[in-house]
S.K.: 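Quick one: this structure, given as structure tokens, is what I'll be asking you about.
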Amino acid sequence: MGGVAGQPEHVVRRLRDGMAGGVLSFPLTSFHADGSLDADGFRAYVAGQLAAGPGALFPACGTGEFFSLDEEEYRQVVSAAVAEAGGRVPVVAGVGYGWAQAVRFARIAEEAGADALLVLPHYLVGAPQDGLVAQVEAIAGRTGLPLVVYQRGQVTYTAESLARIAGIPGVIGLKDGHSDLDRLQRLTLAAPDGFLFFNGAATAEIQARAYAAVGVPAYSSAVHAFAPEIADAFFAALQGGDHGTVDKLLRDFYVPFVELRDRVPGYSVSLVKAAARLRGRPVGPVRAPLTDPSTADLADLDALLTAGLDLVGAVRW
């Protein structure tokens, strides 16, 4: 035993090693055309994601439409991810809503064999800092799995709160989705040695260099969900200091992708899923309240996907 906040050292070490060696995969959840869960399609899709060598697998999180899954579907998704991973990479399952419901999902994830949990922003209401800390305490005290907390939307931690959260047994890291680098630098300085941080911006590659400059080089990649060849090429260029390639990929693929994503609310998931379908991946449609891209936006996505794959010398199929 040992490690951060009393957690088994191997969990923290495996996540740290994975974060240093590759992008973090947030797989899509597969649905049939009628909206029902496609468990077989999900397993096939996750197998493809794992073949690309991500640093860790985060099923049933934002990209995986956690917010639209019932508990039995969640169980199937996390169990399938764990089975496909087979211990090769850490599996970190999403949990969320209020702490009581988050704990129900946490118990399912633990039974399914997940290695850790990502605590998604709570539901609906704003809350003071003491309440945000108490929310994490309530979840951590009711699960045996390590927690990574996610600040985004209505959840924003101060440096003082982050120091308190980092001292809660079971809390091992933070995913940041605000991209406030001044605040993030203060958080990294307030955290204990060994506490994990990673960039969780909507299209993290856009700000990867800026995050790395404040000591947060690890990041999640939505692009990995449909084009791991592009995501891996960017990661390799960034790690190798090849700024020419980084700039080219940003200019000719990532920035146009973000501009397309920003056309419609929810496209941060819908476009990713549509791009995966364009590549023949068995992911199906999104569930309401999300909507699939319009015909015009889908055509633009198709052209951008082809251009991005051409940039890294990858084939479409």
Side-chain angles (χ1 to χ4, degrees), residues 1-9 11-12 15-16 19 24 26 56 58 60-62 66-67 74 90 92-110 114-202 211 214-216 218-220:
M1 301 292 286
V4 179
Q7 288 303 306
E9 179 62 30
V11 176
V12 177
L15 281 170
R16 183 183 296 112
M19 290 160 66
L24 306 176
F26 282 68
F58 287 70
C61 294
F66 166 80
F67 47 84
Y74 176 85
V92 184
V95 299
Y97 307 114
W99 67 260
Q101 189 65 20
V103 168
R104 291 176 65 92
F105 283 102
R107 289 172 181 156
I108 294 170
E110 189 166 4
D115 297 292
L117 303 171
L118 178 66
V119 181
L120 303 169
H122 65 267
Y123 174 69
L124 190 60
V125 296
Q129 292 295 307
D130 284 347
L132 296 179
V133 174
Q135 165 91 343
V136 177
E137 287 176 332
I139 298 169
R142 291 168 173 82
T143 179
L145 294 180
L147 306 182
V148 176
V149 296
Y150 188 7
Q151 64 166 15
R152 186 170 182 165
Q154 70 269 35
V155 176
T156 303
Y157 299 115
T158 63
E160 179 185 4
S161 294
L162 192 279
R164 292 169 61 191
I165 287 169
I168 299 171
V171 180
I172 63 171
L174 177 137
K175 177 183 179 184
D176 174 68
H178 285 301
S179 303
D180 181 340
L181 298 181
D182 178 284
R183 179 184 293 271
L184 183 60
Q185 183 71 90
R186 296 168 191 265
L187 297 184
T188 63
L189 294 172
D193 290 343
F195 196 76
L196 304 176
F197 286 90
F198 66 93
N199 166 5
Y211 269 83
V214 297
V216 183
Y219 60 89
S220 58

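Just so it is clear, the values below take in all heavy atoms, side chains as well, and ignore hydrogens, waters and symmetry mates.
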S.K.: Would you call L132 and H122 a side-chain contact if the rule is heavy atoms closer than 4.5 Å?
M.R.: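 Yes; the side chains approach each other to less than 4.5 Å.
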S.K.: Distance from L174 atom CG to L147 atom CG, nearest 0.5 Å?
M.R.: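 Those atoms lie 12.0 Å apart.
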S.K.: Atom CD1 in I108, atom OG1 in T143: separation rounded to 0.5 Å?
M.R.: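 So the CD1 of I108 and the OG1 of T143 are separated by 11.5 Å.
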S.K.: Take atom CZ in R186; do more than 12 heavy atoms of anything else shown fall under 6.0 Å from it?
M.R.: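 Atom CZ in R186 is not crowded, with 12 or fewer foreign heavy atoms closer than 6.0 Å.
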S.K.: Do you know which two heavy atoms are closest between R142 and W99, and how far apart they sit?
M.R.: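 Distance-wise, the nearest heavy atoms are NE-CZ3, 3.5 Å.
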S.K.: By the salt bridge (Lys or Arg N to Asp or Glu O under 4.0 Å) test, which pairs, at least two apart or in different chains, include something from residues 131-141?
M.R.: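 Sorted pair list comes back empty.
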S.K.: Just wondering, are more than 12 heavy atoms of other shown residues or ligands nearer than 6.0 Å to CD in E160?
M.R.: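 12 or below, so no.
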S.K.: Can you list everything that forms a ring pair (Phe, Tyr, Trp, His ring centres under 6.0 Å) with F67? Sequence neighbours excluded, please.
M.R.: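 Ring pair (Phe, Tyr, Trp, His ring centres under 6.0 Å) list for F67, sorted by chain: empty.
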S.K.: Side chains of L15 and F198: closer than 4.5 Å at any heavy-atom pair?
M.R.: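 A side-chain contact under 4.5 Å is absent here.
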S.K.: Just to verify, what does F26 make a ring pair (Phe, Tyr, Trp, His ring centres under 6.0 Å) with, not counting sequence neighbours?
M.R.: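 Scan of F26 (ring pair (Phe, Tyr, Trp, His ring centres under 6.0 Å), adjacent residues dropped) gives F58.
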S.K.: Does a side-chain heavy-atom distance below 4.5 Å link L196 with V148?
M.R.: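 No; the side chains remain at least 4.5 Å from each other.
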S.K.: Parallel, tilted or perpendicular: which fits the ring planes of F105 and Y97, with parallel below 30° and perpendicular above 60°?
M.R.: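 Aromatic pair F105/Y97 classed tilted.
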S.K.: Could you check whether any side-chain N or O of Y74 sits under 3.5 Å from a backbone N or O of G94, counting only pairs where one atom can act as donor and the other as acceptor?
M.R.: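 Confirmed, Y74 side chain pairs with G94 backbone.
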S.K.: Provide the closest heavy-atom pair for F195 versus V171 in the form atom of the first, atom of the second, distance.
M.R.: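 Nearest heavy atoms, F195 then V171: CE1-O, 3.9 Å.
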